[in-house]
2 protein chains.
Amino acid sequence: MASGSVETQADPGQRAADELFNKFEAMIQSGELPDGAPLPPEREIVERYGISRTVVREAILALSNKGLVEARPRFRPVVRKPSFDTALDTIGNVVTRLLEQGEGVKNLFDMRVMVEVALARQAATDANRDDIYRLKQALEENETAINDMDRFFETDIKFHRIMYEMSGNPILPAVHRAYITWLQPNWVKMPTLPSRNQLNFESHTAIYNAILMRDPDQAEVATRKHLADAWDQINRILMESD
Amino acid sequence: MASGSVETQADPGQRAADELFNKFEAMIQSGELPDGAPLPPEREIVERYGISRTVVREAILALSNKGLVEARPRFRPVVRKPSFDTALDTIGNVVTRLLEQGEGVKNLFDMRVMVEVALARQAATDANRDDIYRLKQALEENETAINDMDRFFETDIKFHRIMYEMSGNPILPAVHRAYITWLQPNWVKMPTLPSRNQLNFESHTAIYNAILMRDPDQAEVATRKHLADAWDQINRILMESD
DNA sequence: AAACATATTTTGGTATGATCAAAATACGAG
DNA sequence: CTCGTATTTTGATCATACCAAAATATGTTT
C-alpha cells in the first residue's frame, strides 16, 4: 500500500501552487486571515514567498474554486471562512448541471423529502418547548402572509428552515440552504395563488400539530403530504415546459 | 442598472479563463470529450482558441478544482464526467477541515444516523423481493467474514451500501461514499476484534430482520442501536487521542 | 520479432517581463 | 467636507524562455 518514505508530510510531489494554497488555507483556518479580509496583492505575495506570479495566481485560483475566497473578476479576492455552506456552494455549478439530466430534480427532491420526514419525526420525539415556540412563531408569520406572495414565500422557507435548525446539527441548515438554492429555479416559474398559500399553510399547521402531539407517524404523514403537494405542482410545470 | 451592451450572452464580465472553462465543461457534458479521455496539450489549446497559455492553464486548473478532470501533477489531465460522486469529492478537502473543528465529526455522524434510519424505515416499507435478496446476500457474506478483519470491513460497508442503493435514488450511494470517505479516517485507528465483528454482524441481522418483517419502527431501533455502538467505539478512540 | 534500454521530442510547471484596463487611492477644486 | 479628476496599484492577459519529467521514437539485445 504505502509507496515510499518521502516524508514531506502529505504528498511531496505537489506543485508549488499547491504548497502556497496550503499556506493560505492554514492562514484562513487559523484566523490569521480573518473572514472578509482581502488577500494581499499578487505582487506582494510574489516577493514575500519568492515565487513567480504564475504560481501565486494558480494558488489563488484554487482558493477561489474551492470557495475559501470569493473572487469577483477584477477585484481583490476576499477571504470566506470555510463552512458547510461554502462547501455546498462550491459544488453548486456541478450539481445544477447534474440536475438538468434525467431524473435529477426528482432525485434531489426525494432526498429532501427523506430528510424532512426524518426531521419531522425527530422533532415530534425530541423538540423542546423553545423549539416548538419558534416553530409556532414561524407558523403564525406564515399565516399572516397568505395574501402576500413574496412574504409568504419567505415565511414558507423560514418554517422549513426552523425544522432544519431544530435538529441542532449545524450541517442541516446548510443542507436546507442547498436544497433551496438548487431546487428554487424549478419553483419560480410556478404561478403562486393565495389558495395555494392557504393549502401550504394548512400543511404546515398539520406538521406543527403532529409535533405538538408528539406523534412521529403523524408528523411523517403530514410532511409527506405537504411535499407531495409541492411536487405535484412542480411536476405540472416541468411537464409543460417539455 | 444595466452597464453596457456587451452581449456575450450570459455574463459578459467573465474572464477569458471562465469562458474557456465553460467550453470544456460543455464538451465534457455533451460527451464530445468522453470520460477518461485526456485533455489536449496546453499548447494545442492555445493555438486552437487563440489565447495565451496563462488562460488555458487557469481554465484547466478550474476544471481540475471542480472535479471535471483529474490532474495528477505532471500528467495530462483526464476527463471525469461529473457525477454526484465527483461533486462530493470536490468538497472533500474542505469538509475534512470542517470536521476537525469542534463537534464536526459528531455532527456528520449524526447526519449519517438520520439518513440510515430513514433508509431502514423506507426499506421496511418499500423493499421488494429483489432488494431483500441482495441484502440477505450481503448479510451472509458479512457473516462468513467475521474472522477476517479486512474482508469484514469490506462486507460491512457493502451491507450499508446496499441499504443506500435500495432507495433507488442515485444520490444516496454518493452520499454513502462521502460518509465513508470522510468518517473513515477516524475509524481506522480503531483496533478491530472478532468479537466486535460478531456484534456488528448481529446488528446487521437485526436490521435485516426488521426489514423482512416490514417493521419500520423496529428497523429504526435496530439501526440506531447499531450506529450508536459504532459511535461509542469511535468516541472512545477520539477521547484517547485528545 | 519481442523485450528492453536509450535517445528525442513533447509537454507540464515555473519564472520573467510587459501591456492594458479597471480599481484603489491621492489630490485638488468648489 | 464633498465631489470629480489625475495617479498609482493591481488583476488579467500575453509572449517567451527554461527545465525536468513524461511520452514517444529509436536502436540494441536476446
Side-chain angles (χ1 to χ4, degrees), chain A residues 3-4 6 8 10-25 27-28 33 36-80, chain B residues 1-8 10-25 27-28 33 36-80:
Chain A
S3 51
V6 226
T8 327
D11 60 325
Q14 64 189 348
R15 301 163 334 180
D18 295 332
E19 216 175 304
L20 222 201
F21 172 89
N22 287 329
K23 283 193 182 130
F24 274 99
E25 189 186 28
M27 284 193 268
I28 292 172
L33 280 173
L39 253 44
E42 296 178 357
R43 289 162 174 91
E44 201 174 310
I45 302 175
V46 164
E47 65 175 77
R48 190 179 323 162
Y49 293 94
I51 52 187
S52 82
R53 238 180 111 199
T54 314
V55 172
V56 173
R57 297 209 98 240
E58 294 198 351
I60 292 180
L61 229 302
L63 288 170
S64 165
N65 285 324
K66 301 230 169 150
L68 292 164
V69 305
E70 194 173 356
R72 286 147 54 220
R74 277 246 161 212
F75 290 72
R76 191 79 69 72
V78 170
V79 173
R80 267 180 64 187
Chain B
M1 243 112 254
S3 50
S5 46
V6 225
E7 20 68 279
T8 328
D11 59 324
Q14 66 188 346
R15 301 173 336 215
D18 294 333
E19 216 175 305
L20 222 201
F21 172 89
N22 287 330
K23 283 191 183 133
F24 275 98
E25 190 187 27
M27 284 193 266
I28 292 173
L33 280 174
L39 253 44
E42 296 178 358
R43 288 164 175 88
E44 202 174 309
I45 302 175
V46 165
E47 66 174 79
R48 190 178 323 160
Y49 293 94
I51 51 186
S52 81
R53 231 179 117 201
T54 313
V55 171
V56 173
R57 298 208 97 239
E58 294 198 352
I60 292 181
L61 230 301
L63 288 170
S64 165
N65 285 322
K66 300 231 170 149
L68 291 161
V69 305
E70 194 173 354
R72 285 148 54 222
R74 278 245 159 215
F75 291 72
R76 191 80 69 73
V78 169
V79 172
R80 268 179 64 188

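Lettering follows sequence order; numbering is per chain, from 1.
Following rounding to the nearest Å, I45(A) (CD1) and dA15(C) (P) show an atom-to-atom distance of 14 Å. Between I51(B) atom CD1 and dT19(C) atom P there is a gap of 22 Å when expressed in whole angstrom units. Summarising the geometry, the separation between CD on E19(B) and C1' on dT13(D) is reported as 13 Å, rounded to the nearest angstrom. Atom CG in L61(B) sits about 10 Å away from atom P in dT14(C), given to the nearest Å. With rounding to whole Å, R15(B) atom CZ is found 15 Å from dA22(C) atom C1'. The distance from atom CD of E42(A) to atom C1' of dT16(C) is 15 Å, rounded to the nearest whole Å. Regarding R57(A), its CZ atom lies at a distance of 15 Å from the P atom of dA15(C), rounded to whole Å. In this entry the distance linking CD of E58(A) with P of dT13(D) reads 14 Å, nearest Å.
Residues passing the side-chain hydrogen bond (donor to acceptor under 3.5 Å, both in side chains) test with R76(A): none are found, sequence neighbours excluded.
Judged by distance alone with a 3.5 Å cut-off, no donor-acceptor contact links the side chain of S52(B) to the base of dA15(D).
Residue P77(A) is the one, among P77(A) and T54(A), whose nearest nucleotide of DNA chain D lies closer to the 5' end (criterion: closest heavy atom).
Checked against L39(B) for a side chain to side chain contact (heavy atoms under 4.5 Å, CB included), the options V78(B), L33(B), V56(B) give a single hit: L33(B).
In this structure, A17(B) and A59(B) approach most closely via the heavy-atom pair O-CB, 3.6 Å.
A 4.5 Å side-chain heavy-atom check between F24(B) and V69(B) finds every atom pair outside the cut-off. For the pair R15(A) and E58(A), the minimum side-chain heavy-atom distance is below 4.5 Å.
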Expected rows: protein N/O vs nucleotides 16-25 of chain D N/O, under 3.5 Å:
none

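Atom CZ of R53(A) is separated from atom CD1 of I60(A) by 9.0 Å, given to the nearest 0.5 angstrom.
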